[in-house]
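Here is the structure we will look at.
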Amino acid sequence: MPLETPARIARELARRGYNAEREAVTLLAGAVDPATALDAAVEAAPDDALRLTTDHVRSALASPDGSPSDAGASSTAPDTSSVDTSTSAAGGDSSAHPPTDAPHTTVSTPAENPTNQSQSTGTPVETKGSQKGADSGRQPEPVTVAGDVTGRSTGTGEYGDFVSVFRDRYEKLSGQLRGRVNHRPATAIADMPGGSDVAMIGLVNEIRSSASGHWIVELEDTTGTFPFMITKDRDITDLVEELLLDECLAVEGTLSDDAGIAFVDALYFPDVPRTYRPNTADRHVQAALISDVHVGSQEFMADAWNRFADWLHTEEASAVEYLLLAGDMVEGVGVYPDQDEELDIVDIYDQYERFSEHLKAVPGDIEIVMIPGNHDAVRLAEPQPAFDEELRDIMTAHDARIVGNPSTVTVEGVSVLMYHGVSLDEVIAELPEEKASYDHPHRAMYHLLKKRHVAPKYGGHLRLAPEEEDYLVIEDVPDIFHTGHVHKLGYGKYHNVLAVNSGCWQAQTAFQKSVNIDPDAGFAPIVDLDTLDLTVRKFA
Ligand code: D5M
Ligand code: FE
Ligand code: ZN
């Protein structure tokens with residue numbers, strides 16, 4: 001087998017069970033006889049090595065039984081000419097995706113957080129929860145994680161935990177709204193005389209229409225509930241169709257004469273400030289944002305994945321230093337009815353073994369961060385903790401940062417809120433087509449940002465794990481919001497936050513065909529962390 005390109009070499013190494021650093025692959029590609037050099041390098045690597053490093057290759061090339069004459073040739077530029085680089089759909093290929101709201105703004109703010117610029121090729125500190133590397137003396141970690149439930153789950157499933165999680169939601173989100181209205185507790189409003197000006201902050205407890213076509217929204221705070229009427233002829237009536245149960249709102253209005261209800265004049269969402277200025281990296285570096293690989297499904301697109309992995313080894317992808325995976329690594333088992341008929345691999349652990357093999361084709365010096373999705377082998381209720389030890393052991397080859405769903409990952413000073421996206425089904429089902437749809441999944445994401453919560457509505461598609469804290473609140477505005485799940489590519493900016501829903505690597509399933517879901521499979525959105533500009537590359 002000819003081994004002239006880095007991509008072929010990476011694939012051959014992955015076939016032999018090795019993940020490899022990009023430079024190691026480049027060195028092998030530059031050898032006079034890459035095939036012999038590869039054999040020698042594999043020979044030189046310790047038996048228990050999972051990753052082939054530059055050192056392994058150097059020692060193999062230098063040793064007499066390797067390919068001694070190759071040593072001097074190691075700086076030869078790799079030949080990437082025969083790599084299939086696929087189509088680049090810069091800024092959203094309109095033929096593939098007609099109506100994406102392409103991000104156009106180029107806000108360039110200096111990164112606030114000093115970041116470690118040195119390339120970490122070794123083992124990053126194992127993350128659990130939000131702990132950072134504790135050892136002093138070392139450089140700060142380039143990737144930090146916050147808002148991850150992993151290792152901190154306290155939920156016992158008792159009723160009291162539901163009370164705690166909603167109380168925490170109220171505290172966190174009412175804090176965001178407090179400065180904007182002169183609010184009173186529900187019980188105090190109930191005691192005020194008719195005609196008074198009132199304001200309240202509460203979670204939406206009920207939304208109903210009155211006999212005369214007005215809307216009644218009942219808000220709940222820690223003291224009780226109070227009903228607010230939004231009359232049908234008001235501008236704000238349009239906002240009622242955006243409301244979801246359990247989200248946090250502030251309203252201002254006037255009490256009725258009998259003081260039994262208040263008429264709403266203004267309604268506020270916690271929202272992201274319009275003037276939000278995102279952080280950016282202070283050097284040119286890129287991250288690939290993908291999700292929904294679904295290894296183990298008959299529809300998993302191995303060829304597209306291989307082309308993507310091959311591309312990552314090319315010069316064009318040299319700035320891609322991060323790969324963020326937003327859930328559904330594998331197809332899982334028993335996730336949906338009749339799913340077993342479409343499984344290629346029936347055992348869940350075998351699925352992760354195969355997934356791990358596919359990860360090996362990704363350059364070893366790309367830092368990977370992954371969260372689970374609803375097809376993964378962790379609890380379905382959100383927040384989902386990260387993969388357990390058994391699954392981590394299967395995926396050791398790549399030293400991925402394995403964190404919970406959701407998590408906020410800060411990369412080169414840019415914060416990325418990673419959330420799988422099950423609530424998007426709910427937002428799309430509840431909101432009118434023009435405000436959120438499967439063809440414009442990023443617009444559904446905008447509403448989550450506006451509500452400052454990744455999964456406002458409890459119930460429906462979403463299972464919520466009762467915890468003392470509400471990990472699903474978006475406490476800090478992220479610079480990038482990255483989701484998946486709906487298998488549709490869509491991106492745009494909301495108040496300068498880049499929202500990306502990343503498509504999938506699974507062709508249309510029988511179920512999706514039956515309900516007319518046409519997935520966007522085999523796309524890799526690539527974000528410039530220094531500008532937050534996005535380029536979509538197609539590999540299918
Ligand atoms: O789901 C991918 C998308 O397809 C997501 O929008 C849910 C929807 N979907 C897929 N299969 C089903 C079934 N059987 N019932 C309801 N909705 C479904 P993912 O979970 O990422 O595969
Ligand atoms: Fe999925
Ligand atoms: Zn999913």
Side-chain angles (χ1 to χ4, degrees), residues 289-302 304-305 324-345 348 351-352 354-355 358 370-384 386-387 404-407 418-431 433 436-445 447-448 454-455 457 459-464 472 481-490 499-525 540:
L289 310 182
I290 66 167
S291 68
D292 299 275
V293 191
H294 289 265
V295 171
S297 159
Q298 287 169 10
E299 285 80 22
F300 165 61
M301 296 165 70
W305 179 269
L324 308 187
L325 282 153
D328 286 358
M329 309 302 139
V330 300
E331 174 64 9
V333 289
V335 180
Y336 291 127
D338 300 327
Q339 185 202 18
D340 49 337
E341 288 165 24
E342 290 185 68
L343 286 182
D344 179 31
I345 304 171
I348 184 81
Q351 292 181 3
Y352 281 99
R354 183 74 62 85
F355 170 69
H358 285 292
M370 60 171 105
I371 63 167
N374 58 314
H375 284 253
D376 286 299
V378 300
R379 78 171 181 204
L380 194 54
E382 296 179 12
Q384 296 178 289
F387 299 130
N405 170 42
S407 283
M418 296 177 68
Y419 170 63
H420 178 59
V422 168
S423 69
L424 294 172
D425 282 327
E426 202 65 35
V427 175
I428 290 169
E430 296 276 326
L431 268 56
E433 169 86 20
S437 66
Y438 285 107
D439 284 335
H440 302 97
H442 51 293
R443 293 188 190 156
M445 297 172 75
H447 287 279
L448 300 180
V454 297
K457 188 181 160 191
H461 295 89
L462 191 95
R463 292 179 205 204
L464 178 73
L472 307 177
F481 183 24
H482 174 205
T483 60
H485 181 64
V486 297
H487 293 206
K488 296 295 277 184
L489 175 69
V500 183
N501 192 283
S502 51
C504 63
W505 299 84
Q506 181 187 38
Q508 192 183 46
T509 63
F511 169 84
Q512 288 167 350
K513 192 166 180 168
S514 74
V515 295
N516 260 328
I517 297 176
D518 184 16
D520 290 325
F523 292 91

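Side chains are part of it too, since the values below use all heavy atoms of this structure and drop only hydrogens, waters and symmetry mates. Start at 1 and go down the list; that is how both ligands and their atoms are numbered. Please read all numbers here as calculations on a predicted model, not as lab measurements. Nothing fancy with the numbering, it's 1 onward along the sequence.
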Discussion item. Could you work out, with side-chain hydrogen bond (donor to acceptor under 3.5 Å, both in side chains) as the rule, every residue matching Asp328, not counting sequence neighbours?
Written reply: His294, His420
Discussion item. Just to be sure I read this right, does ligand 1 sit under 4.0 Å from the backbone of Val515, its side chain, both, or neither, counting only heavy atoms?
Written reply: neither
Worksheet item: Going by heavy atoms, is His294 under 4.0 Å from ligand 1?
Response: yes
Worksheet item: With sequence neighbours left out, what residues match Arg463 under salt bridge (charged side-chain N to carboxylate O under 4.0 Å, His left out)?
Response: none
Discussion item. As a quick check of understanding, evaluate side-chain contact (heavy atoms from CB on, under 4.5 Å) for Thr509 and Ile517, giving each step before the final call.
Written reply: CA-CA 9 Å; Thr509 63; Ile517 297 176; over 6 Å; no
Item to complete: Starting from the Fe ion (ligand 2), count all protein N, O or S atoms within a radius below 2.8 Å.
Response: 4
Worksheet item: So, Gln506 versus Glu331: side-chain donor-acceptor pair below 3.5 Å or not?
Response: yes
Discussion item. Under a 3.5 Å cutoff, is there a donor and acceptor pairing between the side chains of Asp376 and Tyr352?
Written reply: yes
Worksheet item: Taking the Zn ion (ligand 3) as the center, what protein N, O or S atoms are found at less than 2.8 Å?
Response: Asp328 OD2, Asn374 OD1, His420 NE2, His485 ND1
Item to complete: With heavy atoms only and a cut-off of under 4.0 Å, state how Asp425 meets ligand 1: side chain, backbone, both or neither.
Response: side chain
Practice prompt. Enumerate the atoms of ligand 1 whose separation from the nearest heavy atom of Asn374 is less than 4.0 angstrom.
Written response: 20 (O)
Worksheet item: Just how far is it from atom CG of Asp292 to atom CH2 of Trp505, taken to the nearest 0.5 Å?
Response: 11.5 Å
Item to complete: Output the list of atoms in ligand 1 that are nearer than 4.0 Å to some heavy atom of Asp292, sorted by atom number.
Response: 21 (O)
Worksheet item: In the protein, what heavy atom is nearest to atom 3 (C) of ligand 1, and what distance, to one decimal place, separates them?
Response: His485 O, 3.4 Å
Worksheet, complete the sentence: Honestly, for His487 the part within reach of ligand 1 (heavy atoms, under 4.0 Å) is side chain
Response to the item:
Between the CD atom in Gln298 and the CG atom in Leu343, the distance rounded to the nearest 0.5 Å is 7.5 Å
Worksheet entry | Per-residue contact class, His375 against ligand 1 - non-hydrogen pairs under 4.0 Å | side chain
Response to the item:
The atoms of ligand 1 lying under 4.0 Å from a heavy atom of Ile517, numbered in the order shown, are 4 (O), 8 (C)
Worksheet entry | Intermediate values then yes/no, side-chain contact (heavy atoms from CB on, under 4.5 Å), Leu462 and Glu426 | CA-CA 8 Å; Leu462 191 95; Glu426 202 65 35; 5.7 Å; no
Practice prompt. Looking only at protein heavy atoms, identify the closest one to atom 21 (O) of ligand 1 and say how far it is in Å.
Written response: Asp328 OD2, 2.8 Å
Practice prompt. Flag the pair Val330 / Ile345 as yes when at least one side-chain heavy-atom distance between them is below 4.5 Å, and no otherwise.
Written response: no
Fill in: Spatial distance of atom NE2 (His375) from atom CE (Met329) [nearest 0.5 Å]
12.0 Å
Worksheet item: Can you check whether Phe300 reaches Arg354 side chain to side chain, under 4.5 Å on heavy atoms?
Response: no
Item to complete: Please work out whether the ring planes of Tyr336 and Phe511 are parallel, tilted or perpendicular, with thresholds of 30° and 60°.
Response: parallel
Worksheet item: To the nearest 0.5 Å, how far apart are CG in Leu324 and CE in Met370?
Response: 11.0 Å
Worksheet item: Any sub-3.5 Å donor-acceptor pair from Arg379's side-chain atoms to Pro383's backbone N or O?
Response: yes
Worksheet entry | Residue, atom name and distance, where the atom is the protein heavy atom closest to atom 12 (C) of ligand 1 | Phe511 CE2, 2.8 Å
Worksheet, complete the sentence: Value for CD1 (Ile371) from OG (Ser291), rounded to nearest 0.5 Å, stands at 8.5 Å
